Every structure is written in C-alpha cells, then in structure tokens.
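Taking it in order: structure first as structure tokens, then the write-up.
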Amino acid sequence: MINDQRKKHDHYLKMHNISGIARMIGQSHEMDAKRSDGAIIPIEFSVSEFRSNGQRMFTGIIHDIAKRKKIEERLRAEERRSRTILTNAGAGVSIVGLEGDFIQINERLCSMLQYSNDELLKLSLYDVTHEHDIKHSQSEIKSLINQEKEKSSIEKRYVRKDKSHFWCETNISLVVDDYGKPDYLIGLSVDISERKEYERNLKKAVTAADQANKAKSEFLSSMSHELRTPLNSIMGFAQILDMDTENPLTEKQISQVKYIIKGGEHLLELIDEVLDLARIEDGKLTLSIESVDLISLLSDCLSFAKTLASKKAIKIIDRVGDQQPDIYVDHLRAKQALLNLLSNAVKYNGPNGTVWLDAECHQQGFLRIRVTDTGIGIAEDKIAEVFQPFNRLGAEATDVEGTGIGLVLTKKLVEEMGGEIGFESLQGQGSSFWIDFPLTKEKSARKTFENSPDEPIIDVTSQSRLLLYVEDNPANLVLMEAIVSAIPNLDMVSAHTAELGLVLAEERWPDVIILDINLPGMDGIEALKHFYALDSSKHIPILALSADAMPSSVQRGLQAGFRDYLTKPINVRKLQTVLKEVLS
Ligand code: ADP
C-alpha cells in the first residue's frame, strides 16, 4: 500500500512540465501528496488557467480529502457487508419498487422461486404470488405506501417457475427518501411450508380428536341411558316390594330386596361417577363457582353423614364453629367432595368410632377442612395408591361398599375448583383427609340450597286425580302402575307413543302428565309443545322421566318447559314428593 502511494506520489512529483499541467485543467484529480513532515496524504488537486500580461498562468487548488476518503472506505465496507448478508441470508430478500417490480433479489429468493436473477428482474412480485394471495399482498403494500402502518407481516403463497407453490412468511417494510416520500420496499420471506404442513396435520388431528371425543360423549350418554333403563325396573320394583304394606314381605324377603336395592344403588353410583370422571377428563364439567357459606354447606353435609354414622353408632363431632369465612367454590361439587370424605370416614371406621370435622386457615387465601377418623387407617405401602381409580386398597375383600373412584373424583373436583386435597393416615389408628378450598376475597352473603327431606309421602290429595304416563317400555309402565296404585286417589292412564298420549289427553283431561323423552315417533321434547297447545293439558304440570340423565339433557328438558325432569331409575319417594307437590 505504502509502495503504491509512493508510486502515485512520484508520478505527481514528476508532473512538473507545462503540458502535463495543461492536461489537468478543468478536472479534479485524486492523488497522494507528501506533506512537509513527510506524511503521505490523499488530496484532490484541480488546476485552472488564466492569463496575466499575455502570459499563460495556472492556479492549482489542493484539498485534503483524508476525511472523505475514510467515509468512502467505510461506506464501501458497509456495502460489502450488506451484500454478504443479502447473499448468504437464509431468507429470501428482495427490493421491490412501489409497483411491485423486482429491483434486487438475493440468491436465496431466486432458488426458492426457481428463477435466475435476470429472469426475476423482469417480473413483478405479483407474478410470483399465488392468485388467492395477490389481493391481500396488494392491500398490505398499499397501506405501507400510504404509511398507515410501518411494517407488514403476512403469510402468503409464492408460485415457483414450475407453477408449484409454497408458503412463506413475508415481512415488508417501506423505505422513504430524504423527503419522506415512499421510495421502495424491502421484503424478507421465510419458507414456512413445513410449519403450515404441521398446522394442517394438527388441525386434522384436533378435528379427529374432537370427533372421537364427541363419539365418546355420545357413547357415555347412551351407555348411561342403556344402563339406567333396566335399572329402573330392578330398583323400582324392589322399592315397591319393600314398601308394600298390603302384601308385606317376609323378613327374609325384605333383607333380600334390600340387597337388590343396594346393588342397584351401587351400580347407579358407579355410572354417575364414571360419567363425572369422563366429563372432567373431557373438560366438559361446568362449574358454577361462587361465594358459598361454609357453615350451611357443612350443615348440609353433616345431616347426611350423621344418618350414615348413626347406623354404626359413630359419633361425628363438628368443631368448625359458626364463624367461618365464605369459600369460593361450586356449591354442589364442594358438597360432593366433602360428603365423600365424610362417608369414607364413617365407612372405614369401626363401630363406636369417632369422626371430627375441623376448619383451619392453613395458607393465605385458603380454608382447610379436615375430616379425621378413628378408623382402620391406610397401610404405608398403600398410601401411594389412594388416588388411583378403581383401587380400593383391599377394601373390596371386605363388606364395605365402594367403587374406588370416589377419592379420584374428589381430587379432580377439588383441583378444578382451584383447591387441593391430601391426607395423613396410620394403619389401625385412623386417617385425616383434608381439602383446601379457596376463600372468597370479599365476604358475601349467600343462600345455600336446601336438601329435600327424606320424608315418606302417603297421601297425594283428597280428590281423585288422573295421571297420564307416556312411556314405550312395558316394564316401566307396570312399575309406574305399581307406584300409582300405592297412592290413594290417583289413577293412571298410559300411552306408548306421544301421538297416542295427545289423543288420550284430549279425551281424559289428566291432572298431571309424565313423559318419557326417548319415544318412538315424536319425542318427549316435541310432544311437550303439543301438550301445551291442547286446552286439556295447557295448564297442567308436565314432568319428564327419562333414562337420559346427562346434565345437558336435563338442562334442555327444563328449558323446553318441563315442570321437573326426573331420571331413571325412579326414586319412588322422590317421585311421590314431586307428585304431591304438583297436585296439591
Ligand atoms: P371407595 O368407593 O372404595 O370408598 P374411594 O375412592 O373413596 O373409594 O377410596 C379409595 C380407597 O381408599 C377406599 O377403598 C379405602 O380403601 C381407602 N380409604 C378412603 N378413605 C379412607 C379412610 N377414611 N380410612 C381408611 N381408608 C380409606
């Protein structure tokens, strides 16, 4: 470099004759010059000519251009850098005019589009954009040019030279000139075909999973329906036999009938719990979280647990007190969770055992409800299995009834409500199960639901009344007849289709109608509208009685206008209560 500079310098120094200088007139020349201190510096040298006293004279102007040279060198380096980035970028880069014409394209974009650089320079951005994405591209570029937005990022399809297409994510920005006027656009395109393919497959998988889920829900719903229908006869007739005062059963028969009822209840519990579990797993459990008055919730639970406990002479000691904050839970599900702990504390307790109920503020924002018992406890090697579905930890070999899913369900319910569950247990000494329920932030007053008392219903009314029962299952019809025959002053007529039921309603003017939902021909929901349109039945209570016990179906039935929606298997006492209510 220095040698080069020296050469130029020598050259300059040699330009001392007039003809050499004359050749430089009117032009600027860059060259190196030697300063008096010996340093070589870049200069710009320009010569002008003038005459003085007829003599040809020359003026030479020298500019030190060292600074300018440095700037130029820096700019060249920057340009080299930009070109390297452009060439080696993993993304396709293009500089595009405001009309979409390509001005500069990097190699990556050329290879992505399968065109040569020269070929692409003759095309516009829209020539290589998929026809379905042109409008979108144009409107994005328009809004950039109008400076409505600074950057645009779109997913679009590019068309290759062989007419195949691929997906790109393209980021475009506008470059303006010194006066702020739109000059050109810079586009950066990344091939996202793989991601798009993945998204497509994911979508397919989600749709397939949704369909499978729907099929599972339908299966569960129909399984529940199919199981409840025969259970209705089993449990219904067993209850009728048990309650028959006219032809009372022998002691032995009563105890056998009790087994039938117990077995039926167990099966029913199993169906409900399995359905609940499936619903939670499907994310279909709808919770209505609200501020709940703990004291009234506990008193609901205790009244039920005490009935269980009294059978085994077990004492339940409530140590909760009456000053407790409200908890923020689903009332029904919190009750279900607590009842499970209380009934386990009774079930797995010995005669004359004790159960304590306590409440303590355990951690900020939570209230711990603890159920402690003096029961059999849980062996240390079984502790890890407590929350496993259908694992009864050996209790299946005893005569303690259970399904082995109560605690699994309780855990899931508690967690769905934002709480936690845990326990401590010592074999042979007892267990202490607890639930941490979230507290309500602000204490609010709330009315809790009342549990319907299990009072026996005998007399429905003193006047003679008529029930119209629409049901296609002969066993269910016979069962209802048996139930009705035990109620004084109530008669029954029946129809096995809704169409026939409507004719009967017009002829007999019933006082109450019970409709099955799943009927051949017109279904119960549809039939309800027709019954309400008849003069003979527009003002009377119409109840649904169905084996479809899915909460959504119950909701649909109530929304359709049924006075009540009862599920099969029939709880004879509950049906009597409802009949008494609607007929009085
Ligand atoms: P189950 O319907 O069998 O009672 P759970 O899911 O409620 O089902 O409980 C699972 C198992 O945990 C029970 O079968 C029992 O062996 C054990 N268990 C639950 N609670 C207690 C308790 N308080 N004391 C002793 N064992 C218990």
Side-chain angles (χ1 to χ4, degrees), residues 227 259 261-281 285 298 301-302 304-320 332-359 368-417 419-436:
L227 290 172
Y259 276 116
I261 296 175
K262 237 177 166 182
E265 280 168 357
H266 179 80
L267 204 52
L268 194 59
E269 193 184 339
L270 206 65
I271 297 169
D272 286 341
E273 289 187 343
V274 168
L275 280 177
D276 266 351
L277 260 187
R279 234 173 270 138
I280 295 178
E281 269 157 22
L285 184 85
L298 290 181
C301 297
L302 280 170
F304 179 81
K306 280 181 178 162
T307 321
L308 288 179
S310 63
K311 292 180 190 159
K312 281 175 82 177
I314 288 169
K315 255 194 298 184
I316 298 189
I317 301 174
D318 176 8
R319 299 193 294 204
V320 172
L332 204 71
R333 299 307 188 171
K335 187 166 147 186
Q336 188 178 351
L338 283 170
L339 272 178
N340 188 43
L341 296 195
L342 282 165
S343 71
N344 278 353
V346 172
K347 273 180 3 183
Y348 301 105
N349 215 327
N352 303 313
T354 309
V355 174
W356 291 276
L357 185 65
D358 295 283
R368 178 165 287 189
I369 308 290
R370 192 180 272 280
V371 179
T372 309
D373 63 65
T374 53
I376 56 170
I378 297 167
E380 213 177 326
D381 61 335
K382 298 270 186 231
I383 280 180
E385 298 167 22
V386 167
F387 294 106
Q388 284 175 0
F390 302 105
N391 193 338
R392 298 204 60 213
L393 319 177
E396 62 278 17
T398 68
D399 59 359
V400 181
E401 299 266 337
T403 59
I405 23 180
L407 280 179
V408 186
L409 187 59
T410 303
K411 185 173 186 325
K412 295 215 177 206
L413 287 174
V414 167
E415 286 169 358
E416 286 283 313
M417 293 187 283
E420 233 183 283
I421 184 170
F423 70 98
E424 294 92 41
S425 187
L426 268 181
Q427 192 173 20
Q429 297 200 23
S431 310
S432 188
F433 280 80
W434 51 261
I435 297 176
D436 283 347

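First listed ligand is number 1; within each ligand, the first listed atom is number 1. All values reported here derive from a predicted model rather than from experimental measurement.
- What sits closest to atom 24 (N) of ligand 1 on the protein, heavy atoms only, is S431 OG, 3.3 Å.
- Here the protein heavy atom with the shortest distance to atom 26 (N) of ligand 1 is I378 CG1, 3.5 Å.
- Looking at E269, its side chain never comes within 3.5 Å of a backbone N or O of L267 through a donor-acceptor pair.
- Side-chain atoms of K312 come within 3.5 Å of backbone N or O of V346 as a donor-acceptor pair.
- Looking at atom 23 (N) of ligand 1, its nearest protein heavy atom turns out to be D373 OD2, 3.0 Å.
- If you check which protein heavy atom lies closest to atom 2 (O) of ligand 1, you get T403 N, 2.7 Å.
- Counting protein heavy atoms only, atom 7 (O) of ligand 1 is closest to N344 ND2, 2.8 Å.
- Heavy-atom proximity to G377, at under 4.0 Å, picks out these atoms of ligand 1: 25 (C).
- A salt bridge does not link D318 with K306: none of the charged nitrogens is closer than 4.0 Å to a carboxylate oxygen.
- Counting heavy atoms closer than 4.0 Å to ligand 1, residue L407 contributes atoms from both its backbone and its side chain.
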- request: Give the C-alpha distance, both sets of side-chain angles, the deciding distance and a yes or no for side chain to side chain contact (heavy atoms under 4.5 Å, CB included) between N344 and K347.
  value: CA-CA 5 Å; N344 278 353; K347 273 180 3 183; 3.6 Å; yes

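- Between V408 and N391, every side-chain heavy-atom pair lies at or beyond the 4.5 Å cut-off.
- The G402 neighbourhood of ligand 1 comprises atoms 1 (P), 2 (O), 3 (O), with distances under 4.0 Å to a heavy atom of that residue.
- Close contacts of ligand 1 with N340, meaning ligand atoms under 4.0 Å from a residue heavy atom, involve 7 (O).
- From the protein, the heavy atom lying nearest to atom 27 (C) of ligand 1 is Y348 CD1, 3.7 Å.
- No part of L341 comes within 4.0 Å of ligand 1, judged by heavy-atom distances.
- The aromatic rings of F433 and F387 lie perpendicular to each other, with more than 60° between the two planes, well past the 30° mark.
- For ligand 1, the polar-atom distance check finds an N/O of G406 within less than 3.5 Å of one of the ligand's N/O atoms.
- Judged by distance alone, with hydrogens and angles left aside, the side-chain atoms of D373 form a donor-acceptor pair with the main-chain N or O of S431 at under 3.5 Å.
- Contact check for W434 versus E424: side-chain heavy atoms found under the 4.5 Å cut-off.
- At a heavy-atom cutoff of 4.0 Å, ligand 1 is contacted by the backbone of I405 but not by its side chain.
- Enclosure of atom NZ in K262 is not indicated, since only 12 or fewer non-hydrogen atoms of other residues, nucleotides or ligands lie within 6.0 angstrom.
- With contacts defined as side-chain heavy-atom distances shorter than 4.5 Å, the pair I316/L302 qualifies.
- Ranking protein heavy atoms by distance to atom 10 (C) of ligand 1, first place goes to N391 O, 3.8 Å.
- Using a 4.0 Å cut-off between charged nitrogen and carboxylate oxygen, E415 and K411 count as a salt-bridge pair.
- From the protein, the heavy atom lying nearest to atom 3 (O) of ligand 1 is R392 NE, 2.6 Å.
- Residue F433 approaches ligand 1 through these ligand atoms, each under 4.0 Å from one of its heavy atoms: 20 (N), 21 (C), 22 (C), 23 (N).
- Remark: ligand 1 and A395 share no N or O pair separated by less than 3.5 Å (distance only, no angle test).
- For atom 17 (C) of ligand 1, the nearest non-hydrogen atom from the set V371, L393, T374 belongs to L393.
- When heavy-atom distances to ligand 1 are checked against a 4.0 Å cut-off, K347 comes that close only through its side chain, counted from C-beta outward.
- Residue G375 places every heavy atom at 4.0 Å or more from ligand 1.
- Partner I314 forms a side chain to side chain contact (heavy atoms under 4.5 Å, CB included) with one of T354, N349, L308 and no other, that one being N349.
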